[in-house]
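Atoms within a ligand are numbered from 1 in the order they appear, just like the ligands themselves. Below, all heavy atoms of this structure are taken into account, side chains as well, without hydrogens, waters or symmetry copies. Position 1 is the first residue of the sequence, and the numbers go up from there.
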Amino acid sequence: MSTATEANFDGLVGPTHNYSGLSFGNVASLNNSARASNPKAAAKQGLTKMKALADMGFVQGVLAPHERPHIPTLRRLGFRGSDAHILQQAAKHAPKLLAAVSSASCMWTANAATVSPSGDTSDQRVHFTPANLVNKFHRSIEHETTGAILRATFRDERHFAHHDALPSVDTLGDEGAANHTRFCHDYGEQGVAFFVYGMEAFNTHAPRPRTFPARHTVEASQAVARQHGLSAHQVVYAQQNPAVIDAGVFHNDVIAVGNRNAHFYHQDAFLDTAKMKAELLTAWGDRTSKFHLIEVPRADVSVQDSIQSYLFNSQLLSRGDDDMVLVVPGECENNSAVWAYLNGLVTGHSPINEVKIFDLKQSMSNGGGPACLRLRVALTDAERQAINPATLMNDTLFERLNLWVDKHYRDELYEKDLADPMLLIESRNALDELTRLLNLGNVYEFQP
Ligand code: SUG
């Protein structure tokens with residue numbers, strides 16, 4: 001009997017976590033742009049969630065943050081001189097550029113990559129393609145370091161295959177696992193890869209959002225599916241409803257989540273819901289378990305309530321056959337429609353039997369809920385043994401990382417603080433120490 005599992009790799013929030021209003025189309029990012037952030041609290045909120053999941057018996061890993069402010073990008077963009085001079089010049093002449101190269105956005109590891117488990121790939125290895133995140137400049141500079149950190153975490157080439165990101169052009173806009181769900185009966189078996197896209201780049205007659213950008217194209221998803229060696233009959237594509245993108249649903253994981261044999265989604269999430277259901281059921285075929293389509297009616301929870309509460313940006317975790325727990329942000333409890341819906345859900349006939357609430361306000365204020373903060377990797381026993389063990393959460397790592405945060409992180413940061421040369425030094429010192437704690441080797445450009 002296979003004991004394959006699903007591991008969650010959360011992004012550790014970096015020391016420069018701040019609110020700069022960088023993400024047009026992401027309502028929380030725009031609304032909170034002038035606020036002070038608290039990087040220390042943000043990192044600790046994330047660590048608390050990771051530890052809780054590890055304590056619940058799930059395999060939980062940590063992905064390191066990136067070097068920020070990213071001086072190499074500022075040099076590429078023409079700034080010269082010492083690091084301190086570059087920061088000062090960027091703050092004076094291009095403050096939004098400085099904010100962009102200082103963002104701690106790599107914490108949202110649902111956007112780090114698309115991952116295909118070995119049960120689905122032609123060479124039976126786990127495949128990773130870092131997302132190019134080309135739609136937002138501050139995110140488009142993530143994929144190289146993301147690739148280096150993924151390689152340092154999933155090292156063994158017998159089990160893990162690492163690809164480069166797709167070319168960085170809008171036609172191939174790729175936002176990674178935020179728009180990808182894998183369904184399966186058992187994590188080790190062949191599953192169904194479900195790719196959701198915002199638009200068809202080459203077909204300008206197909207529907208598209210009008211106000212906010214569609215970040216992810218079908219052409220990108222098709223390229224990833226080819227690159228990972230997925231069989232065509234096990235892949236389903238669906239287009240996001242352009243109207244919900246225009247309402248602020250910038251990734252599909254803001255309006256839908258799935259795992260194993262359950263798909264939990266809003267009635268308005270997809271352009272053609274009937275087609276999505278029919279194609280998923282066909283790909284599911286006659287597996288041992290029933291496929292659950294849990295559609296939340298707009299009469300119970302509006303799209304606006306979904307965006308405000310991040311109901312669907314939850315982690316749907318499987319504890320066994322038809323026994324799931326939903327990890328939601330505190331905002332769900334404070335939204336009466338959402339809370340009433342959730343109470344009905346857990347007492348009803350769905351496989352979702354429990355709801356767990358976490359305070360993730362620091363990340364939520366930039367549009368990142370529980371599901372944004374994690375990258376899922378389904379692993380067989382042998383693959384799990386092959387992971388860099390220093391990245392796996394346990395009592396010791398939890399304590400070490402909390403001490404590390406206490407030592408290096410500030411508890412208040414405004415956009416104007418990003419020009420402080422001390423912040424760069426603090427950040428580099430912290431990351432240098434972290435690479436030793438997580439046994440990553442040298443993954444940052446400032447390291448020799
Ligand atoms: O890409 N916010 C991120 C949030 C990503 C959430 N991820 C998922 N849904 N999977 C984004 O829009 C805001 C940064 C700022 O404004 O300071 C930001 O990048």
Side-chain angles (χ1 to χ4, degrees), residues 8-11 13-14 16-39 42 46 63 65-66 68-70 95-115 130-143 146 173-181 196 198 212-216 240 244-245 248-258 269 306-307 309-316 329 331 360-376 413-418:
N8 285 283
F9 278 79
D10 280 42
V13 179
T16 60
H17 161 62
N18 75 96
Y19 303 122
S20 301
L22 297 172
S23 279
F24 179 64
N26 168 345
V27 181
S29 154
L30 296 187
N31 288 347
N32 291 306
S33 60
R35 268 185 50 196
S37 64
N38 183 336
L63 294 174
H66 297 188
R68 297 288 182 270
H70 196 239
K96 274 296 157 201
L97 212 51
L98 177 59
V101 303
S102 304
S103 176
S105 52
C106 66
M107 73 174 87
W108 298 297
T109 54
N111 305 118
T114 305
V115 184
N132 60 25
L133 301 174
V134 73
N135 190 259
K136 297 282 174 273
F137 173 64
H138 69 290
R139 307 219 59 185
S140 70
I141 59 174
E142 290 176 24
H143 65 86
T146 296
D174 177 12
E175 298 281 318
N179 294 326
H180 171 254
T181 305
V196 180
F212 292 143
R215 298 192 192 187
H216 198 126
Q240 254 191 296
V244 299
I245 297 182
V249 180
F250 55 98
H251 289 135
N252 180 58
D253 70 3
V254 176
I255 198 96
V257 60
S306 307
I307 297 170
S309 66
Y310 262 39
L311 165 63
F312 296 95
N313 200 262
S314 45
Q315 286 181 261
L316 184 56
E331 283 72 0
L360 295 163
K361 279 195 202 71
Q362 286 291 321
S363 167
M364 284 287 288
S365 302
N366 249 340
C372 300
L373 287 162
R374 58 90 174 103
L375 181 68
R376 296 188 280 184
L413 206 61
Y414 285 96
E415 203 183 317
K416 66 174 172 36
D417 299 325
L418 303 173

Ligand-side contact atoms (ligand 1) for residue partner Asn111, heavy atom cut-off under 4.0 Å: 5 (C), 6 (C), 7 (N), 8 (C), 10 (N)
Qualifying salt bridge (charged side-chain N to carboxylate O under 4.0 Å, His left out) pairs, either residue in residues 97-110, two or more places apart: none
For ligand 1, the portion of Asp253 having any non-hydrogen atom under 4.0 Å away: side chain
Sub-4.0 Å atoms of ligand 1 with respect to non-hydrogen atoms of Ala110: 10 (N)
Contact summary for Ala112 and Leu375, nearest pair of heavy atoms: CB-CD2, 4.5 Å
Which of the ligand 1 atoms, numbered from 1, are nearer than 4.0 Å to a heavy atom of Gly367: 4 (C), 6 (C)
Within-cut-off N or O pair, Phe250 and ligand 1, under 3.5 Å: no
Contacting atoms of ligand 1, where contact means under 4.0 angstrom from a heavy atom of Asn26: 2 (N), 3 (C), 4 (C), 11 (C), 12 (O)
Atom indices of ligand 1, in the order listed, that fall short of 4.0 Å to a heavy atom of His251: 7 (N), 8 (C), 9 (N), 10 (N)
Of the listed options Tyr19, Phe312, Tyr310, Trp108, closest to atom 3 (C) of ligand 1 (non-hydrogen atoms): Trp108
Close approach of Leu133 to ligand 1, heavy atoms, under 4.0 angstrom: no
Ligand 1 versus Glu175: contacting region, heavy-atom distance under 4.0 Å: neither
Proximal atoms of ligand 1 relative to Gly21 (non-hydrogen, under 4.0 Å): 15 (C), 16 (O), 17 (O)
Contact with ligand 1 for Arg215, non-hydrogen, under 4.0 angstrom: yes
Numbered atoms of ligand 1 (with element) below 4.0 Å of Ser29, judged on heavy atoms: 13 (C), 15 (C), 16 (O)
Protein heavy atom at shortest distance from atom 19 (O) of ligand 1: His138 NE2, 2.7 Å
Closest candidate by heavy atom, reference atom 5 (C) of ligand 1, pool Arg374, Met364, Arg139: Arg139
Partners meeting ring pair (Phe, Tyr, Trp, His ring centres under 6.0 Å) with His138 (sequence neighbours left out): none
Protein contact of atom 18 (C) of ligand 1 - nearest heavy atom, named by residue and atom, plus distance: Ser23 OG, 3.3 Å
For Asn18, the ligand 1 atoms whose distance to one of its heavy atoms is below 4.0 Å: 17 (O)
Any N or O of Ser20 closer than 3.5 Å to N or O of ligand 1: yes
4.0 Å heavy-atom contact, Lys136 with ligand 1: no
Distance, nearest 0.5 Å, that separates CD of Glu175 from CH2 of Trp108: 12.0 Å
Nearest option to atom 2 (N) of ligand 1, as decided by whichever heavy atom of Asn366, Leu375, Ile255 sits closest: Asn366
Which residue and heavy atom of the protein sit nearest atom 8 (C) of ligand 1, plus the separation: Cys372 SG, 2.8 Å
